[in-house]
Amino acid sequence: MPDTFSGEGAALIYDENYQQKPSYTAVHDALAGGTTTDPTPPTTPGTPTSSNVTSNSATLTWTASTDSGGSGLAGYNVYREQGTTDTQLGQSTTNSINLTGLTPNTQYQVYVRARDGAGNLSANSALATFTTQSGPVGGGCTATGTVQTQWNNGYVVQPVTVTNGGSSAISGWTVTFTLPAGHTLAGSWNATLTVSGQTVTARNAGYNGNLAPSGSTTFGFQVNRPSGNTQTPSGYTCA
């Protein structure tokens, strides 16, 4: 009978000395469920930059990390630097995040850590610092939308009324709402709108962010939708 363990070229997981070949680990992991141990964390994210800072929200963007450990980049955690115990402000699957629920007139120092599919966390990014604008603690603004006109495959929502229900003036607002499936934004006015999936985020323009107590402003937008679909947006929230 021939020696089935002879030669490094044999299609076996042991060599002629009955030692494990590199293929042993691959076979073992495949039989164990197809996963491998990944001890390698992602690279450190870039320094975050802040934008669209209001009294209780801010947008952060940073250079994306990479992952070479095999489990894949899963997302990012955003923390507030506070000394011994840092508060996690949010998580994102992309290299940007819109933080909400912040305290008005407050300085924030924040950093980002990337995470992979195995749960490894990268080193902390460099700190970014921003200060929220003055405004009522806890927000206080509300938003309501009215469908002005609609047709077979589209509609206009005007006005969306933003009202400061707090006891102090606010210097910025952010309204979010949800478009029904298959609906796409066609245009807007008196606000800057961004879309993620079916979630729309509307931020004040440079001229209508300041609202006195009980003050209000409006914006509007147009949407395309599948013919015969009569749904309209829902879930207006304001921060």
Side-chain angles (χ1 to χ4, degrees), residues 40-69 71-83 86-135 139 141 143 162 170-179 184-185 187-210 219 221 235-239:
T40 305
T43 60
T44 305
T47 305
T49 58
S50 60
S51 61
N52 302 314
V53 179
T54 71
S55 61
N56 50 21
S57 66
T59 299
L60 298 178
T61 305
W62 55 90
T63 301
S65 300
T66 58
D67 181 73
S68 61
S71 59
L73 188 66
Y76 302 88
N77 298 347
V78 180
Y79 300 89
R80 182 182 182 186
E81 169 68 52
Q82 291 180 297
D86 294 343
T87 302
Q88 182 172 305
L89 298 178
Q91 289 188 325
S92 175
T93 57
T94 66
N95 62 321
S96 67
I97 190 172
N98 183 45
L99 300 174
T100 59
L102 305 180
T103 303
N105 197 29
T106 300
Q107 184 183 86
Y108 283 81
Q109 288 188 307
V110 298
Y111 62 89
V112 181
R113 300 183 73 180
R115 65 182 189 277
D116 64 17
N120 298 307
L121 289 174
S122 72
N124 300 353
S125 73
L127 287 173
T129 302
F130 65 88
T131 300
T132 53
Q133 300 178 13
S134 60
C141 69
V162 181
I170 61 175
S171 55
W173 47 262
T174 301
V175 173
T176 59
F177 56 91
T178 302
L179 293 176
T184 57
L185 190 68
S188 64
W189 46 95
N190 296 333
T192 301
L193 272 60
T194 56
V195 182
S196 176
Q198 295 305 111
T199 300
V200 181
T201 301
R203 296 182 176 86
N204 60 275
Y207 50 81
N208 62 358
N210 297 317
F219 69 94
F221 58 93
Y236 293 92
T237 61
C238 184

At what distance, to the nearest 0.5 angstrom, does [atom1] of [X] lie from [atom2] of [Y]?
X	Y	atom1	atom2	value
Trp62	Thr47	CH2	OG1	12.0 Å
Asn98	Thr199	CG	OG1	11.5 Å
Asn52	Thr61	CG	OG1	8.5 Å
Gln107	Arg80	CD	CZ	8.5 Å

State whether the side chain of [X] and the backbone N or O of [Y] hold a donor-acceptor pair below 3.5 Å, judged by distance alone.
X	Y	result
Ser125	Val112	yes
Gln198	Leu179	yes
Ser92	Thr94	yes
Asn95	Thr63	no
Thr132	Thr103	yes
Thr43	Thr66	yes
Asp116	Pro41	no
Arg115	Tyr76	yes

Locate the shortest heavy-atom distance separating [X] from [Y]; write the atom from each residue and the value.
X	Y	answer
Pro48	Ala126	CD-O, 3.4 Å
Ser65	Thr44	OG-C, 3.7 Å
Pro45	Ser122	CD-OG, 3.4 Å
Ala58	Val53	CB-CG2, 4.0 Å
Arg113	Leu121	NH2-CB, 3.5 Å
Thr237	Thr176	OG1-OG1, 2.5 Å

Sequence neighbours excluded, which residues qualify as ring-ring contact (aromatic ring centres under 6.0 Å, His included) partners of Tyr111?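 ring-ring contact (aromatic ring centres under 6.0 Å, His included) check on Tyr111 returns Tyr79.
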Within a strict 4.5 Å, meaning less than it, do heavy atoms of the [X] and [Y] side chains meet?
X	Y	result
Tyr236	Val162	no
Thr201	Ser196	no
Leu102	Phe130	yes
Asn120	Thr40	no

Donor on one side chain, acceptor on other, Thr59 and Arg203, under 3.5 Å: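 The answer is yes; a qualifying pair exists.
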Do the rings of Trp173 and Phe219 sit parallel, tilted or perpendicular, given the 30° and 60° boundaries?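 The arrangement is parallel - the two ring planes meet at less than 30°.
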Set out, in order, the CA-CA distance, both residues' side-chain angles and the distance that settles side chain to side chain contact (heavy atoms under 4.5 Å, CB included) for Tyr108 and Leu60, then state yes or no. CA-CA 12 Å; Tyr108 283 81; Leu60 298 178; over 6 Å; no
